[in-house]
There are 2 protein chains.
Amino acid sequence: MARAELLRQQSTHLVLAELKVACANCNVREICQPAGLTQEELDQLDALVNVRRKLKRGDTLYRAGEPFDALYAVRSGFFKARVTFEDGRDQVTGFSMAGELLGMDGIGHGTHNCDAVALEDSEVCSIPYSRLEELSREISSLQRHFHKLMSREIVRESGVMMLLGAMRAEERIAAFLLNLSQRLNARGYSPLEFNLRMTREEIGSYLGLKLETVSRAFSKFHNDGLIEVEQKFVRIKSIEGLKQIYAHHVS
Amino acid sequence: MARAELLRQQSTHLVLAELKVACANCNVREICQPAGLTQEELDQLDALVNVRRKLKRGDTLYRAGEPFDALYAVRSGFFKARVTFEDGRDQVTGFSMAGELLGMDGIGHGTHNCDAVALEDSEVCSIPYSRLEELSREISSLQRHFHKLMSREIVRESGVMMLLGAMRAEERIAAFLLNLSQRLNARGYSPLEFNLRMTREEIGSYLGLKLETVSRAFSKFHNDGLIEVEQKFVRIKSIEGLKQIYAHHVS
DNA sequence: CTGCTCAATTGATCCATGTCAAAACACAAT
DNA sequence: ATTGTGTTTTGACATGGATCAATTGAGCAG
């Protein structure tokens, strides 16, 4: 093994050790910290979330068909979930940012249903599912919290069905930008200026559109003064304007 | 109160009493009977699933915005789930038949996210959510089973996203028929002959298509000898033919 | 800096599905 | 049977977004 490689690994170990902080101090509170836990319960939770894993851009966290045994809390970075069809067609079914939970699709049949791919260098905490089950039998607020997260995923997906089934291209893209903005805001980032982590093609796949259509919509919103776009950078200049894109629909 | 009305109510009570059978004997096993329960656990389950409710065609089991407090197991009949938009547009997000579970969308935010409407006279068992939570802390196979059902709903929805985002009209409709056929089969009904409970418009809404497009696809499949359709009646003549509709896609 | 590759933009054209309209049909109430 | 209402089918036409193609730009390796 090359000396540089060895050094890199050692330094990685060092970094991992530093990052092995308690869940109680984790900035990704929403997942692993349902309100109202005792100190003892917090310690149990800490023991549950045992492994932290780093991924480079392009790495897959898991693939469709692989056995399921853990959920993943995104600590930093950005992921896409992708379902592939028999004939090779695929579709992006969601994007996950820091503070969100990944992998709940695997519980139902014991194998993952989609690929989770890092869109930038990322870090996750893995949460062994069998231990989550045990612990949530003991800590009812954890149980309740976990059920809520599953249910919200169901609701999120029916929102996407609405996008895909009932909205036109520009409405979908306006809704996409607003959703991204709102989630970034909830995580403490600027809701008005951000860098897209995904390509136009990935946005298109998620929204059931071709990349050219996504690009054209961005250009149109830009010309209409609703946003500024330059490559991956987006600045939203009029939240209201974007909302009107799909509010102003006449049926 | 009119005499006829009184009589009707009394007779309803009678029917309810008759139907108050134990979960152990219920034909809707998949929901309320995770494998391997002891007699005591079965009795507990029995007490959990307390209220049976009858709905006439067109009745809503619950509406978006109403407080959530129970899940519903469909004992007989057929439902659609529908999400309505601010501007009045709506979309069917799913169909549920006997043996399936309804209402998991409500857990996340404590209010229902969609309307559940009976498409024919139906009967459901209501399962108070707070008691389901309690009981699933005690009976781990119930807990596991419930988690699976939630997860499968997530997987189902990402399948629909695939339909809506990546498949063409005829592919969507072929997939829809095959899915219906497979679910009917799992419930012990004929997978090759059945009556649709929903209109072309409802199918279209679910699949992101207009009713005319649905009708044309049915006619085309009929002419191609894949199915027979006459109004609501469908006979599938070639499962393989339907599968090839979306397998034969060249990308 | 140069060349390479991949992402994004923009224009021109095409086509799958939507839209509009009319007729046939089914079912329920009277 | 008659009438009314909602569903389905079918045809003619319109259009939003896909497709095809060319160009520009960004990021990266050498």
Side-chain angles (χ1 to χ4, degrees), chain A residues 56-58 80 89 91-92 117 119-121 163-177 195-224 227-234 245-246 248-251, chain B residues 56-58 80 89 91-92 117 119-121 163-177 195-224 227-234 245-246 248-251:
Chain A
K56 291 226 157 285
R57 179 176 169 189
K80 70 172 172 184
R89 275 181 288 184
Q91 167 132 9
V92 172
V117 182
L119 296 181
E120 61 181 349
D121 293 0
L163 278 193
L164 292 171
M167 291 171 60
R168 330 164 108 239
E170 286 178 12
E171 296 176 311
R172 295 182 204 187
I173 292 162
F176 170 76
L177 287 173
N195 282 291
L196 299 171
R197 308 299 162 157
M198 69 295 280
T199 66
R200 304 286 190 265
E201 187 171 22
E202 286 162 335
I203 298 172
S205 171
Y206 179 61
L207 298 175
L209 301 170
K210 291 295 162 183
L211 68 96
E212 294 95 329
T213 305
V214 175
S215 177
R216 278 186 243 271
F218 278 178
S219 300
K220 176 158 190 303
F221 292 170
H222 193 142
N223 291 335
D224 293 352
I227 62 176
E228 284 171 24
V229 237
E230 201 175 329
Q231 299 291 121
K232 305 280 194 192
F233 175 78
V234 175
I245 297 269
Y246 63 88
H248 256 324
H249 171 92
V250 269
S251 184
Chain B
K56 291 225 157 287
R57 179 178 168 185
K80 69 173 172 184
R89 274 181 288 185
Q91 167 133 8
V92 173
V117 181
L119 295 181
E120 61 181 350
D121 294 0
L163 278 193
L164 292 171
M167 291 171 61
R168 325 158 111 249
E170 286 178 15
E171 295 177 311
R172 295 183 204 186
I173 292 162
F176 170 76
L177 288 173
N195 281 291
L196 298 171
R197 308 298 165 163
M198 70 296 280
T199 66
R200 305 285 189 268
E201 186 170 20
E202 286 162 336
I203 297 172
S205 172
Y206 179 62
L207 297 175
L209 301 170
K210 291 294 162 182
L211 66 97
E212 293 94 330
T213 306
V214 176
S215 178
R216 277 186 243 270
F218 278 178
S219 299
K220 176 157 190 304
F221 292 170
H222 192 140
N223 291 335
D224 293 352
I227 62 175
E228 284 171 24
V229 237
E230 201 175 330
Q231 299 291 124
K232 306 280 195 193
F233 175 79
V234 174
I245 297 267
Y246 64 88
H248 256 322
H249 171 90
V250 269
S251 183

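Each chain gets a letter, A, B and so on, in the order the sequences are listed, and its residues count up from 1. Just so it is clear, the values below take in all heavy atoms, side chains as well, and ignore hydrogens, waters and symmetry mates.
Residues from residues 203-212 of chain B lying near DNA chain C, meaning a heavy-atom separation below 4.0 Å, are B:G208, B:L209, B:K210, B:E212 in numerical order.
Once you apply a 4.0 Å limit to the heavy atoms of chain A, the touched nucleotides of DNA chain D run 5' to 3' over D:dG16 to D:dA26.
For A:R216 and C:dG11, a side-chain-to-base donor-acceptor distance below 3.5 Å is present, hydrogens and geometry of angles not being considered.
Each of A:K220, A:M167, A:R172, A:E170 was evaluated against A:I245; a single residue qualifies, A:E170, per the side-chain contact (heavy atoms from CB on, under 4.5 Å) test.
When side chains are defined from C-beta on, B:L196 counts as touching B:F218, because their heavy atoms get closer than 4.5 Å. In this structure the side chain of B:K80 reaches within 4.5 angstrom of the side chain of B:E202, judged on heavy atoms.
Atom CD of B:E171 and atom P of C:dA16 are 12 Å apart (whole Å). The CE atom of B:M167 sits 11 Å away from the P atom of C:dT17 (whole-angstrom rounding). Between the CD atom of B:E201 and the P atom of C:dG18 there is a distance of 13 Å, given to the nearest Å.
Surrounding CD of A:E120 are more than 12 heavy atoms belonging to other residues, nucleotides or ligands, all under 6.0 Å away.
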Give every donor-acceptor pair under 3.5 Å between a side-chain atom in residues 204-215 of chain A and any protein atom, sequence neighbours left out.
from, atom 1, to, atom 2, distance (Å)
A:S205, OG, A:V92, N, 2.8
A:Y206, OH, A:R156, NH1, 3.4

Could you write out each protein N or O paired with an N or O of nucleotides 3-6 of chain C at a distance under 3.5 Å?
none

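Of the side-chain N and O atoms in B:T213, one or more sit less than 4.0 angstrom from OP1 or OP2 of C:dG18.
Taking CD1 from A:I173 and CD1 from A:I203, the interatomic distance works out to 8.0 Å, rounded to the nearest 0.5 Å.
The side chain to side chain donor-acceptor pair (under 3.5 Å) check on A:K232 picks up nothing, with sequence neighbours excluded.
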Contact letters for nucleotides 22-30 of chain C, in which S counts primed atoms plus P, OP1 and OP2 and B counts the base, heavy atoms under 4.0 Å: ----S----
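Residue B:R200 comes nearest to B:Q231 through the heavy atom pair NH2-O, 2.7 Å, listed as atom of the first residue, atom of the second, then distance.
A:K220 comes within contact range of no nucleotide atom at all, as no heavy-atom separation falls under 4.0 Å.
Salt bridge annotation for A:R57-A:D121: absent, with no cationic side-chain nitrogen under 4.0 angstrom from a carboxylate oxygen.
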